[in-house]
Amino acid sequence: MSQKASTPKGTRDFSPSEMAGRNYIFETIRDVFARYAYLPIETPAMENLTTLTGKYGEEGDKLLFRILNSGDYLAASGKFDEQGNSLGPLNTAGFTNLICDKGLRYDLTVPFARYVVQHRGDIVFPFKRYQIQPVWRADRPQKGRYREFYQCDVDVIGSNSLLYDAELLQIASEVFSKLSIPVTIRVNHRRILAGIAEYLGSPEKFREMTTAIDKFEKIGADGVNRELKQSGFGDEAIQKLLAVLNVNAEHATEMMHWLEAEVLSGSETGLSGLQELKTVFGYLECQLPADALKTFAFDPALARGLSYYTGTIIEVKANGVGIGSICGGGRYDDLTGVFGMPGVSGTGISFGADRIYDVLNEMKLFPPAIETSARVLVVNFGKQEEAFALKTVSRIREAGIAAEIYPEAGNLKKQFSYADHRKIPLVLIAGPDEISRDHLTLKNMKSGEQIHMHNKDLIAILQKIE
RNA sequence: GUGGAUGUAGCUCAGCUGGUUAGAGCGUCGGAUUGUGGUUCCGUAGGUCGUGGGUUCGAGUCCCAUCUUCCACCCCA
């Protein structure tokens, strides 16, 4: 009896043509990271549950994949008989903690914080690392939302310098420019949001306020109004907030001036956040050409959910594609505190490789040439010619050119058709005629042109065709 | 986790209110062309109609369950 072949919900296989696209993304991102002098690390797919829980809020904890312990834990618990009947009161949470103590990582930032604390003796600060690995979330899948997906994280830990905030923004700008994806990079500061909450007279409702404004673009002013009312904001406060969201400032500097004068003047926190952002934008102006600067937008309505951000926050969306954010991040002042290493500031961003793939695919922005396997196919004529063909294919490989020989003899039609399907640009023909004269025939599959050459000139000619 | 759609050949889909052997295009493979692919022509193969139950004389079509994918909420890369 055969069973149905399938992958678990929200997970996928990647075939060679998809891997070509994925590797193109990973290589592009890795190149940029490395050029800014970030160093690679990897951490295990699973972490202790104590490392993961409580870091992503209540919702996040629900989305953790937990790994069942091995062993006879039921007998050990003493709460169940052999038929599985409960012998005493034990709630789900308690039971879960009893039977599993490991989980799949939910992101790369928290494992990185754990890594930093654990290796603090070996690390030279500020530590710049990158990490490209899959993460898992037990979310309900949708388009652009998977249960297993790759994040490409770059973080700096152990420095308060805003130069790094600016550097990461520059990295984001460069990655998307290299991938030719038109994006908007929205930037805000958590302390500006805190200042706005003070301005509204409800600093304690900071959380409710940020989750409401985060939806501004999606649900509009009316929707935000409703949300805020539900959270207990007064009408006056709501009007003040909507006025902030509706300010139509063309340039970041205009918006900043207005906020400084009208909204944040009474909030020390808010003003300090604004000052930091000004500094960051100042650095960007030094580092980036004008057309790259245009992709950045200061947006006081950007909130971002993750609770550990404390400073600059950033989010990137592809223009004109209905896929969520493809990159996000920010500064966190005390991520390592929970692991017993307080007062270490970090800043980082994360690229969503799978969503970037979807964007490139939807916008048809993948370069055409990334999928070739071999550059040369050597035709197989049969027993008599095989030895010659094998020697030739080895010579080509030794010259650093990807080559393969067709596995079966005869039927040239089939062999050429194979080269066509595989997008192999060159076919080398070494049949009886050629071998007898120590010659070769090379066909260019794109132009259809064939050239004859002496056997000894092969490598030189192939290298010239490059 | 809550609510709603979806599933027919490898791919994109058709199949009217239940009614004989479930169709098309593209692709595959073979031939026209045994030393030449991409175009053309001819032909071939390929289907547990997502899966499991049920209603019915009869189910791709109706009902229930389940899985997948997608959409909204929640949240997020």
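Sequence lines set the chain letters: A, B, ... in the order given, protein chains first and strands last, and positions in each chain run from 1.
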Which part of the nucleic acid, if any, lies within reach of Gly144(A) when heavy atoms closer than 4.0 Å are counted: base, sugar-phosphate only, or nothing? base
Mind checking who U66(B) pairs with, Watson-Crick or G-U wobble, both distances under 3.5 Å? G50(B)
OP1, OP2 of G30(B) versus side-chain N and O of Lys414(A): anything below 4.0 Å? yes
Determine whether any donor atom in the side chain of Arg145(A) lies under 3.5 Å from an acceptor atom in the base of C75(B), or the reverse, and answer yes or no. yes
Asp358(A) CG to C70(B) P, in whole Å, measures 9 Å
Both Tyr146(A) and Ala138(A) contact RNA chain B. Which one's nearest nucleotide lies toward the 5' end? Ala138(A)
Expressed as a whole number of Å, how far does the C1' atom of U28(B) sit from that of G37(B)? 16 Å
When we call it a touch if two heavy atoms are under 4.0 Å apart, what does Ile429(A) touch: a base, just sugar-phosphate, or nothing? base
In Watson-Crick or G-U wobble terms, both distances under 3.5 Å, what is the partner of U36(B)? none
Contact class for Lys446(A) (heavy atom, under 4.0 Å): base, sugar-phosphate, or nothing? base
Inter-nucleotide P distance (G18(B), C64(B)), Å rounded: 16 Å
Applying a 3.5 Å limit to both distances, which nucleotide forms a Watson-Crick or G-U wobble pair with A24(B)? U12(B)
I'd like to know if Arg140(A) reaches the base of U2(B) with its side chain, counting only an N/O donor and acceptor under 3.5 Å. yes
Watson-Crick or G-U counterpart of G43(B), or none if no pair lies under 3.5 Å: C29(B)
Rounding to a whole Å, what distance do you find between Phe65(A):CZ and C76(B):P? 17 Å
In terms of side-chain heavy atoms of Met445(A), which of C75(B), C74(B), G37(B) is nearest? G37(B)
So, are Arg105(A) and Glu47(A) salt-bridged, with charged N and O less than 4.0 Å apart? no
Within the 4.0 Å heavy-atom criterion, would you say Cys152(A) contacts the bases, only the backbone, or no part of the nucleic acid? nothing
Ion pair check, Glu174(A) and Arg35(A), cut-off under 4.0 Å: yes
Do Tyr106(A) and Phe65(A) have ring centroids that are under 6.0 Å from one another? no
For a quick check of understanding: with a heavy-atom distance under 4.0 Å over all strands, which category does Glu385(A) fall into, base, sugar-phosphate or nothing? nothing
Determine whether any donor atom in the side chain of Lys413(A) lies under 3.5 Å from an acceptor atom in the base of U33(B), or the reverse, and answer yes or no. no
Any carboxylate oxygen within less than 4.0 angstrom of a Lys/Arg side-chain nitrogen, looking at Lys205(A) and Glu208(A)? no
Taking the same atom, P, in C67(B) and in G23(B), what whole-Å distance lies between them? 33 Å
Taking atom types as they are modelled, would you say the side chain of Gln450(A) forms a donor-acceptor pair with the base of U36(B) within the 3.5 Å cutoff? yes
Does the ring centre of Tyr38(A) sit less than 6.0 Å away from the ring centre of Tyr130(A)? no
Within the 6.0 Å centroid threshold, strictly below: Phe26(A) and Tyr150(A): yes
For G35(B), does OP1 or OP2 lie under 4.0 Å from any side-chain N or O of Lys443(A)? no
Where does the angle between the aromatic ring planes of His439(A) and His454(A) fall among parallel (under 30°), tilted (30 to 60°) and perpendicular (over 60°)? perpendicular
Is any N or O donor-acceptor pair between the side chain of Asp420(A) and the base of G37(B) shorter than 3.5 Å? yes
Would you mind classifying the nucleic acid contact of Gly382(A) as base, sugar-phosphate or nothing, using non-hydrogen atoms under 4.0 angstrom? nothing
Looking at every strand, decide which applies to Asp139(A) at a 4.0 Å heavy-atom threshold: base, sugar-phosphate, or nothing. base
Strictly distance-based, threshold 3.5 Å: is any side-chain N or O of Arg331(A) a donor or acceptor partner for the main-chain N or O of Thr310(A)? no
Provide, to the nearest angstrom, the distance between the CD1 atom belonging to Ile323(A) and the P atom belonging to C75(B). 21 Å
From the list A77(B), C74(B), G37(B), which nucleotide is the closest neighbour of the side chain of Ser325(A)? A77(B)
Quick one: look up who G1(B) pairs with, Watson-Crick or G-U, both distances under 3.5 Å, and put none if it's unpaired. C73(B)
Using the C1' atom in both, what is the distance from C57(B) to A65(B), to the nearest Å? 26 Å
May I ask you to say what Tyr418(A) touches in the nucleic acid, namely base, sugar-phosphate or nothing, with a heavy-atom cut-off under 4.0 Å? nothing
Determine the interatomic distance between C1' on C63(B) and the same-named atom on U20(B); round to the nearest Å. 25 Å
Using a heavy-atom cut-off of 4.0 Å across all strands, would you classify Gly60(A) as base, sugar-phosphate, or nothing? nothing
Rounded to whole angstroms, how far apart are OH on Tyr406(A) and P on G35(B)? 15 Å
Other residues, nucleotides and ligands only: do more than 12 of their heavy atoms fall within 6.0 Å of CE on Met363(A)? yes
Roughly how far apart, to the nearest Å, are U56(B) and C26(B) at atom P? 44 Å
Provide, to the nearest angstrom, the distance between the CZ atom belonging to Phe381(A) and the P atom belonging to U34(B). 14 Å
U28(B), OP1 or OP2 - any side-chain N/O from His421(A) closer than 4.0 Å? yes
Residue Gln142(A), side-chain heavy atoms: nucleotide from C74(B), G35(B), U36(B) that is nearest: C74(B)
Side-chain atoms of Glu434(A) come closest, of G35(B), C74(B), C73(B), to G35(B)
Side chain of Lys143(A), heavy atoms from C-beta onward: which of C71(B), G30(B), U69(B) has the nearest atom to it? C71(B)
Flag the pair Glu227(A) and Lys215(A) as a salt bridge only when some basic side-chain nitrogen lies within less than 4.0 angstrom of an acidic carboxylate oxygen. yes
Could you give the CZ-to-P distance, from Phe388(A) to G35(B), as a whole number of Å? 19 Å
Does the side-chain ring of Phe149(A) sit on the six-membered ring of the A77(B) base, less than 5.5 Å centre to centre and under 30° in tilt? yes
Measuring only the C1' atom in each nucleotide, how far is G46(B) from A24(B)? A whole number of Å is fine. 15 Å
Nearest whole angstrom, please: distance from the P of G37(B) to the CD of Glu449(A). 17 Å
With a non-hydrogen cut-off below 4.0 angstrom, is Lys317(A) in contact with a base, only sugar-phosphate, or nothing? nothing
Taking for Lys62(A) and for Pro432(A) the nucleotide of RNA chain B with the nearest heavy atom, the one nearer the 5' end belongs to Lys62(A)
Taking CZ from Phe416(A) and P from U36(B), how many angstroms apart are they, rounded to a whole number? 8 Å
Could you tell me how far C29(B) sits from G10(B) if I compare only their C1' atoms? Round to whole Å. 13 Å
